Number of protein chains: 2
Amino acid sequence: MRRASIKDIARLANVSHSTVSRALRGSSLISPQTITRIRQIAADSGYRPSAAARSLVTSRSATIGVVVTSIADPFAAEVVLGIEDAADQRDYSVILANSNAQPDREMRVVRAFEERRVDGIIVTSSRVGAVYAELLSQTRVPIVLLNNQHPSEFMHSVMIENLAASRQATQHLIDLGHKRIAYIGDRFGCQSDTERFNGYQSALEGASLPIRTEYVGYGNGTSEGGDAAMSELLALPQPPTAVFCYNDMTAFGAMRAIAARGLRIPADLSIVGFDDLFFAQFAAPPLTTVRQPMRDMGRLAVESLLHLLAGTQTEPNLKMPGELIVRQSTASPQENA
Amino acid sequence: MRRASIKDIARLANVSHSTVSRALRGSSLISPQTITRIRQIAADSGYRPSAAARSLVTSRSATIGVVVTSIADPFAAEVVLGIEDAADQRDYSVILANSNAQPDREMRVVRAFEERRVDGIIVTSSRVGAVYAELLSQTRVPIVLLNNQHPSEFMHSVMIENLAASRQATQHLIDLGHKRIAYIGDRFGCQSDTERFNGYQSALEGASLPIRTEYVGYGNGTSEGGDAAMSELLALPQPPTAVFCYNDMTAFGAMRAIAARGLRIPADLSIVGFDDLFFAQFAAPPLTTVRQPMRDMGRLAVESLLHLLAGTQTEPNLKMPGELIVRQSTASPQENA
DNA sequence: TAGGGTCATGCACACGTTTGCATGAGAGGC
DNA sequence: GCCTCTCATGCAAACGTGTGCATGACCCTA
């Protein structure tokens, strides 16, 4: 059986379908009694307006498309939670797509978004290159990038304040008395990595500590990468006493490599992560890390997008502050180290 | 500027818009030359068919709605990854909605799905009660429940084989020589909890071990719940030597409670979880647990839904096997225990 | 009582697609 | 040369909603 349409309601109420349309939208053209009467009938018959028909005539879909590399990435999941929450409050729906960092998949995703006429797109932590950025910019849909890894001035963005946060995290290690501080980054050199490395470097320089190239390890943002990079650092003749990691996943891998060699955290080595994933507090020991306000960043991305849609003027490039969360993976270095 | 429509393409190609429609869909009514010519023109002008217009006439939206309690829940995230992957392969899009277990939010979600005329709905790990189930069953959209907590025969479902998996997990502890084995469940007594408890009970009975009520703790599926329940177990005059937890989050909380008292895992206590969340391997020590094939369950839910849509006959209630993953959180009990 | 003004409602078109049916052009058989 | 058949294409309606404009009822004023 067909779903009830606006015309069915009109027949039941002995009015024209335009009156029903206006009544349901609360138009001031319709008398209050008619409005309540029609609304009652609509509710009784379980009427649901067709979003497709509406968007066909209004050319707005009340839908935003969200691209993540993988929703199984806890960072992305938290961001999407914030996005969906903010979208829901404004009666927007969220279409989710995983890119898996596969170029062909990215293409399909954008195409699907265009066909569905999403009102806007939010892309989180994209690592895909210039080609994709160009593709995105060609589509006429407003776009907000969240922690994007390819700077592009013409788009709106929400970013974490990488430099200041990394400097603070490194300073924390310096304050504890560490002098041999390593950094495990992301070998693909995305923007976050560059900025976090700069913060690390800046803190060391501020403390007149040397930047030793052998203390700069290269992971890939995953635990495996952190494990491998940490293993190399530990094989050095004079290993570091503290390590600042590009992100928590890298830190988890590093911690595993440390434990595998029978070393203790923080007695033998201090570790600092970045993100404050939910699991950071359950690591052994609980991980000192920089908290990214992931949900708020998601919410902010939605607000930024809606401003873009409404045409209201706003700051296009938003920076959110990170917050250092000190737990038990950091301590002063041992005397004999 | 308006997006190019099928009529714009028709004008460019000097044909009627119906010919364009058929050509793009590859109808055999249109000559091959015309098809390639029209497709070329459409590609050149960046034409994207309007999903809204199409779904208006076909009354199919190529969209499935997914309800999760929270996408930040790692279990839900993995499931959704599988869902989105399978959906993408069939050219379906996924609309994601978080219920946060709030009844009013549930209502809004279902309403939004109905308005968007989703072809089907997948609900994962729903804990909401009979009212919601009734609401769901009233909507005429096909529904597949994944690890649902309220048995309802009339709907399709994908479930983990709780009983067998729990029995196996408990048997693993029995095989290690444990005799005082506790279970930390979910106080809200959802279906998964009941089934897992039954598996635990069945294994103990098989080994002629007594079921001691003081060894049945009540968490709530979160780490806090596990922490509290474990604390009570440890306060017993004769604490257990092994604990089987309702899920990994509960196990993480239990491990924290154990560590807080200076006890060691697995020397003093063995712990088994359920889910095999990504983080289980990084716990201290890495957690022995039952793996749920979360992504495959998500994929299967999509296939089940599409069968439902196509009207093809299939098994409505699918059960997936769990797999015991033995890591380092379980060992034989100490002699003096 | 005629005219103007306000208010509530209806008419008809538009949005972009799919699809049943009609149409027109050839080709082939008688 | 006419009829029929096939093949490629066009016409027009339909899906469900929003909205500019017209319409009709009613009231008020002169």
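This structure is a prediction, so every number in the text was calculated from the model and none was measured. Letters A, B, ... are given to chains in the order of the sequence lines, protein chains preceding strands, and every chain is numbered from 1.
In terms of modelled atom types and a separation under 3.5 Å, the side chain of B:Q292 and the main chain of B:M294 share no donor-acceptor contact. In this structure, B:D119 contributes its side chain and B:S61 its backbone to a donor-acceptor pair below 3.5 Å.
Using a 4.0 Å cutoff to heavy atoms of chain A, the contacted part of DNA chain D runs 5' to 3' from D:dG16 to D:dG20.
Under the 4.5 Å side-chain criterion, counting only non-hydrogen atoms from C-beta, A:L305 is not in contact with A:H156.
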For nucleotides 13-19 of chain C, read 5' to 3', which letter fits each nucleotide if B means a protein heavy atom sits under 4.0 Å from the base, S means only the sugar-phosphate is that close, and - means neither? --BBBBB

Quick one: do A:Y92 and A:L309 satisfy side-chain contact (heavy atoms from CB on, under 4.5 Å)? Show the steps, please. CA-CA 13 Å; A:Y92 274 75; A:L309 285 173; 3.9 Å; yes

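A:S59 comes within contact range of no nucleotide atom at all, as no heavy-atom separation falls under 4.0 Å. No engagement by B:S55 is indicated, since no non-hydrogen atom pair under 4.0 Å with the nucleic acid exists.
Looking at B:E84 and B:R90, no side-chain N of the basic residue comes within less than 4.0 Å of a carboxylate O on the acidic one, giving no salt bridge. For the pair B:E115 and A:R48, the salt-bridge criterion is not met [side-chain N within less than 4.0 Å of a carboxylate O].
Tested against A:V144 for a side chain to side chain contact (heavy atoms under 4.5 Å, CB included), the candidates A:I121, A:L300, A:V158, A:L306 yield a single pass: A:V158.
Neither side chain, B:S18 nor B:S21, offers a donor N or O lying under 3.5 Å from an acceptor on the other.
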